[in-house]
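Excluded from the calculations below are hydrogen atoms, water molecules and symmetry mates; all remaining heavy atoms, backbone and side chain alike, are included.
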Amino acid sequence: MPDSRSPVIWRFGHLVSCLDTAMHMAANGLLAPWDSVQCAAQTAGRGQLRRSWYSPPGNVYVAMRMPVTPPFDGSAAAPATAFLLAKALRSEGWPVQLKWPNDIVIEDTDGQPKKLAGILLEERGGILLAGMGINVEFSPPAAMLRADAAMEATCLREAFGHAGGRYISTAEAIWQRLVMRMHSAYIDCHSFSGQWKKRADSLLLWRGKDVELRDDGRIVRGWLTGLSPAGGLCLNQNGRLEEFFSGSLLLTGRAAVKG
C-alpha cells in the first residue's frame with residue numbers, strides 16, 4: 001500500500017552535496033521514502049556522469065528518497081520520477097514538458113524548449129535517491145554548459161517573472177508545494193506503476209516528431225512514438241520500432257546548442 005504519511009523535508013543552508021547528506025541520513029534511518037533534504041546551495045553538487053552542478057542560492061536543490069517499488073525499481077525510475085516532477089510543476093501553472101529521460105523543459109517566448117530542471121538518480125545499498133535541481137532565480141551561464149550540451153537552460157524568473165510580471169515564490173516554498181503534489185499524484189493513483197507511462201507520454205517533448213538520438217558518437221534517427229513500460233525511448237525507424245535506454249535527444253535537423 002502507498003505510504004499516506006506526509007513527507008518530511010529536512011532543510012539546510014550550504015551543503016557539499018544534497019545527495020551525500022540524504023544518503024547518510026537514509027542509511028541511519030532518518031529519511032523515509034518520499035522524505036527529502038533541501039539546501040540553499042551546494043559547494044560540490046553533481047549531475048549526470050558526475051559533472052559539476054552549478055548550485056548558487058535561489059534555486060531548488062533537493063534529494064528525495066524514492067520507494068524501491070515499481071516503477072522505481074528498474075530502468076523506468078528516471079522517467080517516472082521526472083513525470084511526477086513535471087506533473088507537479090504543471091499543477092503549479094508552469095507549462096513544462098518531459099525531455100527523456102530525466103529533464104524538465106519549458107518553452108521560451110520564441111517557442112524554443114529550454115532546460116528548467118534535471119534529475120539524477122543514485123542507488124546504494126537498497127536506498128534510492130532522486131537528486132533534483134530546479135532553476136528558480138538563476139540558470140547556468142552559457143559558458144558553464146558543456147560543449148556538447150543539447151539544450152540551453154532557463155529559470156522560472158527568466159521564463160515568467162519579467163515578461164508576465166508573475167510572482168515567483170522562494171525555493172523553499174516552491175519545493176514544499178511540489179513535494180506534496182508529487183506524493184499525492186503517486187498515492188492517489190489507483191495503479192501508478194501501470195499508468196505512469198501513458199501519462200508521461202502525454203507530456204513527452206517531441207512526441208510524434210522526427211528526432212535523433214546521439215550516444216557515444218552514434219546517431220540514430222526515427223519518429224518518436226513514446227516511452228516503453230521499462231522507461232526506454234521508442235523510435236519508429238522505417239516501420240520498425242526500436243527501444244533505447246541512453247543518449248542525448250535532439251530534434252532532427254537541429255544542431256546541438258553549443259553551451
Side-chain angles (χ1 to χ4, degrees), residues 2-9 33-36 38 59-107 113-121 128-136 151 153-156 159-160 166 168-169 171-208 224-234 249:
D3 185 359
S4 60
R5 60 182 282 278
S6 296
V8 174
I9 302 174
W34 302 104
D35 289 350
S36 58
Q38 181 176 19
N59 292 343
V60 171
Y61 309 112
V62 297
M64 174 185 279
R65 184 172 181 179
M66 306 302 294
V68 190
T69 55
F72 306 110
D73 59 345
S75 54
T81 303
F83 160 68
L84 282 176
L85 180 57
K87 187 177 187 303
L89 284 164
R90 290 178 71 91
S91 296
E92 287 291 308
W94 314 112
V96 300
Q97 291 180 280
L98 165 62
K99 181 176 183 287
W100 181 87
N102 52 3
D103 285 341
I104 307 298
V105 304
I106 196 166
E107 291 185 351
K114 291 186 176 181
K115 181 175 176 176
L116 180 70
I119 297 171
L120 174 66
L121 294 187
L128 178 64
L129 296 178
M132 305 182 210
I134 305 171
N135 298 331
V136 178
M151 186 171 286
T154 189
C155 63
L156 292 178
F160 289 92
R166 178 174 175 178
I168 308 297
S169 300
E172 292 77 15
I174 288 173
W175 180 244
Q176 180 77 46
R177 296 195 300 271
L178 291 180
V179 69
M180 296 306 297
R181 289 188 180 279
M182 292 175 70
H183 185 239
S184 294
Y186 174 74
I187 65 173
D188 292 345
C189 184
H190 176 66
S191 175
F192 183 80
S193 62
Q195 296 185 30
W196 78 270
K197 189 198 86 68
K198 180 179 179 181
R199 297 184 179 188
D201 275 343
S202 68
L203 303 182
L204 192 61
L205 179 70
W206 299 327
R207 184 186 180 201
L224 202 169
T225 64
L227 302 173
S228 72
L233 190 74
C234 296
L249 193 63

Determine the minimum heavy-atom distance between Leu227 and Ala200, stating which atoms define it.
CD1-CB, 3.7 Å
Assess whether side chain to side chain contact (heavy atoms under 4.5 Å, CB included) is satisfied between Trp175 and Met64, documenting all intermediate values.
CA-CA 11 Å; Trp175 180 244; Met64 174 185 279; 3.5 Å; yes
I want to check something: taking the side chain as every heavy atom from C-beta on, are Leu116 and Leu156 in contact at a cut-off of under 4.5 Å?
yes
With a 4.5 Å heavy-atom cut-off, do Leu249 and Leu224 have their side chains touching?
yes
Would you say that Lys197 contacts Phe83 through its side chain, given a criterion of any heavy-atom pair below 4.5 Å between the two side chains?
no
Answer whether the closest heavy-atom distance between the side chains of Met151 and Pro113 falls below 4.5 Å.
yes
In Å and rounded to the nearest 0.5 Å, what is the OG to NZ distance from Ser202 to Lys198?
9.5 Å
Val105 and Lys99 have their tightest heavy-atom pair at CG1-CB, 3.8 Å
Scanning both residues in full, the closest heavy-atom pair of Met180 with Ser6 reads CE-OG, 4.3 Å
Quick check: closest heavy atoms across Gly231 and Trp100, and the distance to 0.1 Å?
O-NE1, 2.9 Å
Using atom types as modelled and distance alone, determine if a side-chain donor or acceptor of Lys115 lies under 3.5 Å from a backbone N or O of Asn135.
no
Find out whether Ile134 and Trp94 are in side-chain contact, i.e. whether some heavy atom of one side chain is under 4.5 Å from a heavy atom of the other.
no
Between the main-chain N or O of Ala82 and the side-chain N or O of Asn102, is there a donor-acceptor pair closer than 3.5 Å?
no
In Å and rounded to the nearest 0.5 Å, what is the CZ to CD distance from Arg90 to Gln97?
7.0 Å
Angle class for the Tyr186/Phe192 ring planes (parallel below 30°, perpendicular above 60°, tilted otherwise)?
perpendicular
Are any non-hydrogen side-chain atoms of Leu89 and Ile106 less than 4.5 angstrom apart?
no
Taking all non-hydrogen atoms of both residues, which atom of Leu121 and which atom of Ala78 are closest, and how far apart?
CD1-N, 3.4 Å
Heavy atoms only: give me the nearest Asn59-Ala171 pair and the separation to one decimal.
O-CB, 3.3 Å
Gap separating the CG atom of Asp103 from the CG atom of Leu85, nearest 0.5 angstrom:
10.5 Å
Got Val179 and Val62 here, is their nearest side-chain heavy-atom distance under 4.5 Å?
no
Quick one: does any side-chain atom of Asp201 pair with a main-chain N or O of Gly226 as donor and acceptor, under 3.5 Å?
no
Nearest 0.5 Å, what's the CE-CG distance between Met66 and Leu84?
6.0 Å
Distance check, rounded to the nearest 0.5 Å: Met132 atom CE versus Tyr61 atom OH?
15.0 Å
Point-to-point distance, once rounded to the nearest 0.5 Å, from CD1 of Ile104 to CG of Leu205
10.5 Å
Side-chain contact, heavy-atom cut-off 4.5 Å: Arg177 with Ser169?
yes
Mark yes or no for whether Arg207, through its side chain, and Thr225, through its backbone, hold a donor-acceptor pair below 3.5 Å.
yes
